[in-house]
Amino acid sequence: MHHQSMKSTKHILQKFIAKTGQIAVLIDPEVTNSKLKLQPIVEKAEFAQVDYFFIGGSTVTRADFEKTTAILKSLTKIPLVIFPGDHQQLSNDAEALLYLSLISGRNPEYLIGQHVKSAQEVLKLDLEILPTAYVLISGGTQSTVAYVSQTTPIPRDNFSIALNTAVAGVLQGNEIVYFDAGSGARQPVDAELIKKVNQQLKTVVIVGGGVRSIEEIEVLKTAGTNVIVIGNKIEEDIDFLLDIQNYKSKVTS
Ligand SMILES: CC(C)=CCC/C(C)=C/CC/C(C)=C/CC/C(C)=C/COP(=O)(O)OP(=O)(O)O
Ligand SMILES: O=P(O)(O)OC[C@@H](O)CO
Ligand SMILES: [Mg+2]
């Protein structure tokens with residue numbers, strides 16, 4: 001493929017694989033899109049030794065996305081990973097792209113439609129492209145992602161459907177499974193599900209949605225979650241990053 005410039009050495013994927021209990025701070029460019037707002041988050045995230053910034057949102061304009069990505073790149077060396085809500089959320093200022101297929105849903109637009117629309121642009125990106133099975137699990141309220149994608153999440157306690165969805169996603173060639181209870185979920189994904197997934201599959205597991213405490217992070221880490229994504233909690237309480245710093249300094253020493 002002559003025009004392909006996407007990176008073939010997957011440093012971010014290797015970093016995902018290397019450990020459980022890594023932390024990603026999700027920046028929603030609809031909410032946090034100025035240097036004034038980003039600077040204090042970056043400072044505290046660096047102090048906390050946060051592993052990644054994820055950037056994306058289910059309702060973000062291209063302008064806010066590009067501006068926020070560029071500011072973040074200028075402020076920090078923490079790796080920036082795109083978590084795209086749609087085919088316009090793309091930028092070479094990031095290091096990797098979670099190339100999501102929403103496989104818990106049955107909406108062709110989020111299984112393949114968005115991918116066809118952005119195919120030429122993605123092919124030209126100079127990023128790691130990381131095929132990701134994106135699995136929505138009910139988090140106790142209707143999430144924006146479920147609404148925007150017009151899909152029904154998997155019931156929280158139906159481990160068999162969730163597990164089989166993850167297995168199918170990996171058999172299809174995805175390198176990562178991302179279980180999302182949805183932004184602002186009342187309850188995060190059940191760690192028992194993550195244990196079952198890890199018993200059957202060797203895959204990177206990312207979990208997000210409604211994670212609001214160190215205890216929940218610890219339980220998800222112990223279950224084998226590689227990356228835990230935190231959005232709303234840090235938007236509401238930036239000092240949660242200090243709790244993360246405290247936690248990280250204990251687990252790494
Ligand atoms: C192929 C490309 C480039 C993109 C794929 C696009 C797909 C399939 C997306 C999956 C469906 C989707 C809408 C995902 C959104 C993921 C996301 C960034 C969620 C973050 O949610 P917030 O925007 O923070 O939620 P709020 O709106 O509640 O704040
Ligand atoms: O904002 P929160 O609830 O942390 O959710 C993070 C993310 O996984 C949502 O897609
Ligand atoms: Mg948000």
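Order of listing sets the numbers, starting from 1, for every ligand and every atom in it.
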the protein heavy atom lying closest to atom 26 (P) of ligand 1 turns out to be S183 OG, 3.8 Å
Between F83 and Y178, what is the ring plane arrangement, given parallel below 30°, perpendicular above 60°, and tilted in between?
-> parallel
More than 12 foreign heavy atoms under 6.0 Å from CD of Q150: is that the case here?
-> no
Taking ring pair (Phe, Tyr, Trp, His ring centres under 6.0 Å) as the test, write out the residues that go with H11, two or more places apart.
-> none
May I ask you to identify the nearest protein heavy atom to atom 1 (C) of ligand 1, giving residue, atom name and distance to one decimal place in Å?
-> H115 CD2, 3.4 Å
Could you establish whether S118 and ligand 1 come within less than 4.0 Å of each other, counting only heavy atoms on the residue side?
-> yes
E192 meets the salt bridge (Lys or Arg N to Asp or Glu O under 4.0 Å) criterion, sequence neighbours left out, with K195
Look at atom 7 (C) of ligand 1 and say which protein heavy atom is nearest, naming residue and atom and giving the distance to 0.1 Å.
-> Y110 CD2, 3.8 Å
Modelled atom types, side-chain donor and acceptor of N232 and S183, under 3.5 Å | yes
Please write down residue, atom name and distance for the protein heavy atom closest to atom 12 (C) of ligand 1.
-> V145 CG1, 3.6 Å
Could you tell me which atoms of ligand 1, counted from 1 in the order shown, lie closer than 4.0 angstrom to a heavy atom of Y99?
-> 1 (C)
Does the ring centre of F179 sit less than 6.0 Å away from the ring centre of Y134?
-> no
Are D93 and K67 within salt-bridge range, i.e. N to O under 4.0 Å?
-> no
Which bit of S58 gets closer than 4.0 Å to ligand 1, counting heavy atoms only: side chain, backbone, both or neither?
-> both
Without hydrogens or angle criteria, can the side chains of Y52 and E95 be said to hold a donor-acceptor pair below 3.5 Å?
-> no
Considering all heavy atoms of both residues, which atom of L220 and which atom of V189 are nearest to each other, and what is their separation?
-> CD2-O, 3.9 Å
Any idea which protein heavy atom is nearest atom 24 (O) of ligand 1, and the distance to it?
-> D28 OD2, 3.3 Å
Under-4.0 Å salt bridge between K44 and D239 = yes
Report the nearest protein non-hydrogen atom to atom 28 (O) of ligand 1: residue, atom name, distance rounded to 0.1 Å.
-> T144 OG1, 3.2 Å
Linked, directly or transitively: I82 and V145 (ILVMFWY side chains, under 4.5 Å) | no
Any heavy atom of P84 sitting closer than 4.0 Å to ligand 1?
-> yes
Between the side chains of Q114 and E109, does any donor sit under 3.5 Å from an acceptor?
-> yes
Taking NZ, NE, NH1 and NH2 as the nitrogens, is one of them in K10 or E175 under 4.0 Å from a carboxylate oxygen of the other?
-> yes
Hey, which of T32, I78, L241 is the one that makes side-chain contact (heavy atoms from CB on, under 4.5 Å) with V25?
-> L241
Flag if over 12 foreign heavy atoms under 6.0 Å of NZ, K35 = no
Which protein residues have a heavy atom closer than 4.0 Å to any atom of ligand 2, listed by chain and number?
-> L26, F83, Y178, D180, G182, S183, G184, G208, G209, G210, I230, G231, N232
Tell me: protein heavy atom nearest atom 13 (C) of ligand 1, and distance?
-> G85 O, 3.4 Å
Check the Mg ion (ligand 3) and write out every protein N, O or S atom at under 2.8 Å, as residue and atom.
-> D28 OD2
Top protein contact for atom 5 (C) of ligand 1, by heavy-atom distance = L100 O, 3.8 Å
